[in-house]
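Only this structure's heavy atoms are used, side chains among them; waters, hydrogens and symmetry mates stay out. Letters A, B, ... are given to chains in the order of the sequence lines, protein chains preceding strands, and every chain is numbered from 1. Just so we're clear, the structure is a prediction, and the values are computed from it rather than from any experiment.
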Amino acid sequence: MTAPTKPTSHAQADAQETVSDDLHAPVIDWFEDNARDLPWRRADAGPWGVMVSEFMLQQTPVSRVLPVYEQWLARWPRPADLAEDAPGEAVRAWGRLGYPRRALRLHGAAVAITERHGGDVPTEHAQLLALPGIGEYTAAAVASFAYGQRHAVLDTNVRRVFARAVTGVQYPPNATTAAERKLARALLPDDERTASLWAAASMELGALVCTAKNESCVRCPIAAQCAWRLGGKPAHEGPPRRGQTYAGTDRQVRGRLLAVLREAVAPVPQSVLDRVWDEPVQRARALDGLVADGLVEPLAGGLYRLPLS
DNA sequence: GAGCCGTGGTT
DNA sequence: TAACCAAGGCT
């Protein structure tokens, strides 16, 4: 069954199975009744729709993804459609979702799918993982949500649910640990269909009920077994989460530069870009970085545009 | 493994 | 208001 490579004692294994049995049914039942009707969950979304949604949802809230997702799928209903278009068009359509390199990577993934997989989103986890912009989480998510496969889908929501319900702490570590992966694998239902339901359900529970702040235990289907709650909900110990300041960073400058280029219908002169930030060294560094990342294409005569190729 | 990479809503 | 947070990935 869950048989990890490193076997635990029978007592531990039995305890783990008991935990699983007590969690799966309540969470999945809750999901059946409370799942949001999101477009990428509908039957007609298809693997490409699921994949597009996963790219957009990387660090961006659902509410902001929804309108862009709809426009994206309407414009590029298949990977080959996006692959035919310029990468800069993907960056433009990405709008203000943030982290625009994701748009570039999604375009790159569409090209790779067209070239290597006959235009169909691959079904194997390893093939998905090989695509640009797809890491451990997204590969598992697409394989599970689009193809119903059995994978541990460890996103920030699931990690928080596990941290609380099983481990008994308020927050998971900053970076995903081997222990978390092991736990996620151990808690994965044996049956493929149940496993994919569990992945979606545990994630939704973290998104709607077991939230980072103002968790709603009264609505939680596993509150009675939650280790954190039973332990009196002890406060988070250890170093506070890194708070990344944004104002004044290169990221802010990059954002301003790209915002100008997204709105432009023709190549933009350097002089126009210079107006977005008054500190010349940082401004130049930000622009150079965008060019190096392939998000901006420099032309002769000090002109810039979103990449045509 | 730590740092970097956008953006806007919420507290 | 500053800080936190949102279905991560890459170097």
Side-chain angles (χ1 to χ4, degrees), chain A residues 31 35-36 38-41 45 49-69 91 94-106 108-109 128-146 151-161 170-178 180 184 196 199-208 210-215 236 239-262 276 282 285-286 288-290 292-296:
Chain A
F31 182 65
R36 290 168 291 180
L38 300 171
W40 45 86
R41 283 181 179 159
V50 171
M51 182 174 146
V52 169
S53 78
E54 290 302 334
F55 269 77
M56 292 182 173
L57 288 165
Q58 292 169 0
Q59 303 287 282
T60 301
V62 166
S63 60
R64 285 172 45 210
V65 164
L66 284 170
V68 183
Y69 172 86
V91 174
W94 197 256
R96 306 188 69 81
L97 287 184
Y99 292 140
R101 290 194 287 196
R102 292 181 294 163
L104 221 47
R105 291 170 181 156
L106 180 50
L128 290 163
L129 196 56
L131 297 173
I134 294 192
E136 185 180 336
Y137 160 76
T138 304
V142 173
S144 181
F145 301 156
H151 294 281
V153 182
L154 255 194
D155 79 317
T156 187
N157 291 306
V158 175
R159 294 179 60 219
R160 188 173 52 250
V161 170
Q170 186 176 21
Y171 296 121
N174 276 333
T176 306
T177 63
E180 287 182 275
S196 62
S202 54
M203 188 176 307
E204 189 79 336
L205 184 64
L208 298 183
C210 193
T211 47
K213 291 182 175 178
N214 301 323
E215 70 280 357
H236 177 70
R241 0 272 287 143
R242 77 243 170 217
Q244 1 106 262
T245 57
Y246 179 66
T249 61
D250 286 9
R251 295 160 80 171
Q252 183 179 25
V253 186
R254 288 166 57 108
R256 289 193 182 184
L257 290 169
L258 214 50
V260 171
L261 292 166
R262 274 199 310 265
V276 309
Q282 187 178 27
R285 184 173 66 236
D288 286 349
L290 288 171
D293 289 345
L295 283 163
V296 172

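Listed nucleotides: dC5(C), dA6(C), dT7(B). Nearest to the side chain of K213(A): dC5(C). Comparing dG8(C), dC5(B), dG8(B) by their nearest atom to the side chain of R101(A) picks out dC5(B). Residue R105(A) has its side chain nearest to dC10(C) when only dC10(C), dG8(C), dA7(C) are considered. Taking only side-chain atoms of R160(A), from C-beta outward, the nucleotide of dC10(C), dT11(B), dA7(C) with the closest atom is dA7(C). When the nucleotides dT7(B), dA7(C), dG8(C) are ranked by their closest atom to the side chain of V62(A), dA7(C) comes out on top.
Looking at heavy-atom distances under 4.0 Å, R159(A) makes no contact with the nucleic acid at all. Residue contacts shown for R96(A) are limited to sugar-phosphate atoms, with no base heavy atom under 4.0 Å away. Among the heavy atoms of the strands, none lies under 4.0 Å from Q252(A). Across all strands, R285(A) comes closer than 4.0 Å to no nucleic acid atom at all (heavy-atom distances). Nucleic acid contact for F55(A): none, since no nucleic acid atom lies under 4.0 Å from a heavy atom of the residue. Using a 4.0 Å heavy-atom criterion, one finds that S53(A) contacts no nucleic acid atom at all. Using a 4.0 Å heavy-atom distance criterion, W40(A) is classed as a base contact. Using a 4.0 Å heavy-atom distance criterion, G135(A) is classed as a sugar-phosphate-only contact. Nucleic acid contact for A212(A): sugar-phosphate only, since backbone atoms but no base atoms lie under 4.0 Å from a heavy atom of the residue.
Contact record, E54(A) with A141(A): CD-CB, 3.8 Å, taken as the closest heavy-atom pair. The two residues L258(A) and P100(A) come nearest to each other via the heavy atoms CD2-CG, 3.3 Å.
For a distance-only test at 3.5 Å, the side chain of R64(A) qualifies as a donor-acceptor partner of the base of dT7(B). Taking 3.5 Å as the limit, the base of dA7(C) and the side chain of R36(A) contain a donor-acceptor pair of atoms between them. Not a single donor-acceptor pair, N or O on each side, falls under 3.5 Å between the base of dG9(B) and the side chain of S63(A).
Residue whose closest nucleotide on DNA chain B sits further toward the 5' end, between R254(A) and T176(A): T176(A). Across the interface with DNA chain B, nearest-nucleotide mapping of P61(A) and N214(A) shows P61(A) to be the residue nearer the 5′ end.
One interatomic measurement links the two molecules: CG of L129(A) to P of dG8(C), which rounds to 16 Å at whole-angstrom precision. As a whole-Å value, the separation of L97(A) CG from dG9(B) P is 13 Å. Taking atom OH of Y171(A) as the reference point, atom P of dA6(C) lies 8 Å away to the nearest angstrom. Rounded to whole angstrom, the span from the OH atom of Y246(A) across to the P atom of dC4(B) amounts to 14 Å. Atom C1' of nucleotide dG8(B) and atom CZ of R256(A) are separated by 15 Å, given to the nearest angstrom. Straight-line distance from the CG atom of L295(A) to the P atom of dT7(B): 11 Å, rounded to whole Å. Computed from coordinates, the M56(A) CE to dT7(B) C1' distance equals 15 Å when rounded to whole Å. Spacing between atom CG of L57(A) and atom P of dC5(C) amounts to 19 Å, rounded to whole angstrom units.
Of the side-chain N and O atoms in R102(A), none sit less than 4.0 angstrom from OP1 or OP2 of dG9(C). Between Q58(A) and dA7(C), a side-chain N or O to OP1/OP2 separation shorter than 4.0 Å is absent. Here T245(A) does not reach the OP1 or OP2 of dA3(C): none of its side-chain N or O atoms lies under 4.0 Å away. For Y99(A), no side-chain nitrogen or oxygen approaches OP1 or OP2 of dG9(C) to under 4.0 Å.
Using modelled atom types, no side-chain atom of E204(A) and backbone atom of A201(A) make a donor-acceptor pair closer than 3.5 Å. At distances below 3.5 Å, at least one donor-acceptor pair connects side-chain atoms of R256(A) with backbone N or O atoms of V276(A). A donor-acceptor distance shorter than 3.5 angstrom exists from the side chain of R41(A) to the backbone of R36(A), with no hydrogens or angles considered.
For R102(A), the salt bridge (Lys or Arg N to Asp or Glu O under 4.0 Å) criterion is met by no residue, not counting sequence neighbours.
When the C1' atom is compared between dA7(C) and dA2(B), the two are found 23 Å apart, to the nearest whole Å. On the C1' atoms, dG6(B) is 15 Å away from dC4(C), given to the nearest whole Å.
One distance of note links CE of M203(A) with OG1 of T156(A); it measures 10.0 Å at 0.5 Å rounding.
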